[in-house]
Amino acid sequence: MKSDFTGLTWQEILAGSCCSIEEVAPELGLSDEETAAVSAITEKYPMCVNPYYYSLIDKKNPDDPVRRMCIPSPVEFSAGGCEDTSGESSNTVVQGMQHKYRQTTLILSTNQCAMYCRHCFRKRMVGVPESETVRHLTEMISYVKEHPEINNVLVSGGDAFLNSDSILRRYLEGFLPLPNVGFIRFGTRTPVVLPQRITGDPELTKLLSEYGTEKRVYIVTQFNHPNEITMWSKEAVRQLQAAGCIIRNQTVLLKGVNDNPEVLGSLQNGLAALGVVPYYVFQCRPVAGVLNQFQVPLLQGLHIFNSARTLMNGMAKSARYVLSHPTGKIEIVGVPEEGEMLFRYHQSKFMKDESRLFRMAVSDTQCWPGDIPAVFPRMPVH
């Protein structure tokens, strides 16, 4: 796989992506048996890693954190998990658009990514024909017009910035003029996995600057490890900021990647130093092909997060430790008593759950809360 991507356009870098484990097996030190096992994985869960992101791997370290995020592992075939952990299908209101939270609509604008993350919670979409992607923009705009409670639109995917500039313009010109829409967000990992998409396309930053003069454009990205903060990603961040965008980061807590207080704390401090606002630290979801490889038990995860917080500066401490449940986004608050955890709805699908605190019994090995009772007594807030 080519390691020199300087002078190439982002499209050329992307076109040089590795989609076969056989291509990199010798360099990664995989045996024939390991190569065959991983190859079988890619038939169900495709592999795609572009030359830039591949260059961040320490090829001599089989436990390298960047490698874990982009190179398939036979563990992905272990049993358990589900395809749609957040109930996305039940929230679809227009093809390609979801409305789960009262004030926000989510658009799955593409199933394309610049790199296939092995921990992806939309693994069901990777490498399959477009079925949840945007086809009905006019209907989507009408839906937002008809629902004045919606005040922001999140364009995600896949990766929103794998859309062409002309498609991104259509979202900007379609939604930002609506009086009830205060801002638009783009969910993209390109600042991390393919920063040349930003640094090599001045038309993109010009477009974002043009539409961000009256209403705010947010970029929501995902740095998971300090090794992803490079001179390329720093420049991509700088150019987005120069275009007037506010950048927020949501990290996923991943076993073998950042499940260490020093690593997680260093990452959040590094992001704050770049002016990237730490947003969420997500509990890894119990997705089929993911949970046994990347999930950390809830009690351990909270300990890691709280220990990392002691190493963070005040700006970095804006991150919250949360999980995304079918009933809402739930903050993992603390351990009131041994064997129990305290949770709070940060965002809820149903009004009855808004800001609700609740306790649940949690075992030392439990990685997900499971079903939450529909009726739960409110706990007093002191």
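Along the sequence shown, residues are numbered consecutively beginning with 1. Side-chain atoms are counted along with the backbone in the values below, which use heavy atoms only and exclude waters and symmetry mates.
The minimum heavy-atom distance between E22 and S39, with the atom names listed, is OE2-OG, 3.1 Å. Looking at every heavy atom in both residues, V24 comes nearest to C18 through CG1-SG, 3.8 Å. For the pair M341 and L299, the tightest heavy-atom approach, listed with the atom from each and the gap, is CG-CD2, 3.7 Å. Between G301 and V296, the shortest heavy-atom contact is N-CG1, 3.8 Å. Scanning all heavy atoms of the two residues, the minimum distance from S20 to M47 falls at C-SD, 4.0 Å. The shortest heavy-atom contact between Q295 and C284 is NE2-O, 2.6 Å.
Heavy atoms of other residues, nucleotides or ligands lying less than 6.0 angstrom from CD of E214 number 12 at most. Heavy-atom neighbours of K234 NZ from other residues, nucleotides or ligands within 6.0 Å: at or below the threshold of 12. Residue R170 places its CZ atom among 12 or fewer non-hydrogen atoms of other residues, nucleotides or ligands, all under 6.0 Å distant.
A donor-acceptor pair under 3.5 Å is formed between the side chain of Y101 and the backbone N or O of K329. Between the side chain of Q366 and the backbone N or O of S363 there is at least one donor-acceptor pair closer than 3.5 Å. With hydrogens and angles ignored, the 3.5 Å screen pairs no side-chain donor or acceptor of S348 with any backbone N or O of M351. In terms of modelled atom types and a separation under 3.5 Å, the side chain of N269 and the main chain of N313 share a donor-acceptor contact. Using a distance-only test at 3.5 Å, with no hydrogens or angles considered, no donor-acceptor pair links the side chain of R238 to the main chain of S233. A donor-acceptor pair is defined here as one N or O able to donate and one able to accept, closer than 3.5 Å; no such pair exists between the side chain of N50 and the backbone of I13. The backbone N or O of S31 lies less than 3.5 Å from a partner atom in the side chain of E34, making a donor-acceptor pair. Side chain of Q268 to backbone of M312: no donor-acceptor contact under 3.5 angstrom is found. A donor-acceptor distance shorter than 3.5 angstrom exists from the side chain of E228 to the backbone of N224, with no hydrogens or angles considered. T110 contributes no side-chain N or O that, together with a main-chain N or O of N163, makes up a donor-acceptor pair within less than 3.5 Å.
Side-chain contact between R118 and F294: present, with at least one pair of heavy atoms (C-beta onward) separated by less than 4.5 Å. By the 4.5 Å heavy-atom criterion applied to side chains, V263 and P226 are counted as neighbours.
Distance CG/L178 to CD1/I184: 9.5 Å, rounded to 0.5 Å.
Side-chain heavy atoms closer than 4.5 Å link hydrophobic residues (I, L, V, M, F, W, Y) into clusters, and following such links, possibly through other members, connects F305 to I332. By the rule that hydrophobic residues join a cluster once side-chain heavy atoms approach within less than 4.5 Å of another member, L137 and L162 end up as members of one cluster. Note: the hydrophobic cluster containing F282 does not contain V277 (ILVMFWY, side chain heavy atoms under 4.5 Å, direct or indirect links). Residues L194 and L274 fall within the same hydrophobic cluster, defined by Ile, Leu, Val, Met, Phe, Trp and Tyr side chains chained together at heavy-atom separations under 4.5 Å. Linking Ile, Leu, Val, Met, Phe, Trp and Tyr residues whenever their side-chain heavy atoms come within less than 4.5 Å places Y171 and V153 in a single cluster.
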Residues L240, I246; criterion side chain to side chain contact (heavy atoms under 4.5 Å, CB included); working and verdict: CA-CA 8 Å; L240 289 170; I246 292 177; over 6 Å; no
Under the criterion side chain to side chain contact (heavy atoms under 4.5 Å, CB included), I'd like the reasoning laid out for V181 against N151: C-alpha separation, chi angles, the key distance, then a yes or no. CA-CA 4 Å; V181 174; N151 62 25; over 6 Å; no
Carefully, step by step, assess N152 and R185 under the rule side-chain hydrogen bond (donor to acceptor under 3.5 Å, both in side chains). CA-CA 8 Å; N152 74 101; R185 289 181 282 170; 2.8 Å; yes
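When each of M115, Q196, R197 is tested with Y52 by the rule side chain to side chain contact (heavy atoms under 4.5 Å, CB included), just one qualifies, namely Q196. Just one of V192, V193, N258 meets the side chain to side chain contact (heavy atoms under 4.5 Å, CB included) condition when paired with F223; it is V192.
Neither side chain, E354 nor H346, offers a donor N or O lying under 3.5 Å from an acceptor on the other. With 3.5 Å as the limit, one finds no donor-acceptor pair spanning the side chains of N180 and K145.
Checked against the 6.0 Å centroid criterion, the rings of Y218 and F183 qualify as a close aromatic pair.
For the pair K59 and Y54, the cation-pi criterion (under 6.0 Å, within 45° of the ring axis) is fulfilled. Cation-pi geometry between R356 and Y345 is not met: the NZ or CZ atom fails to fall both under 6.0 Å from the ring centre and inside 45° of the normal.
Taking 4.0 Å as the cut-off between side-chain N and carboxylate O, R320 and E331 count as a salt-bridged pair.
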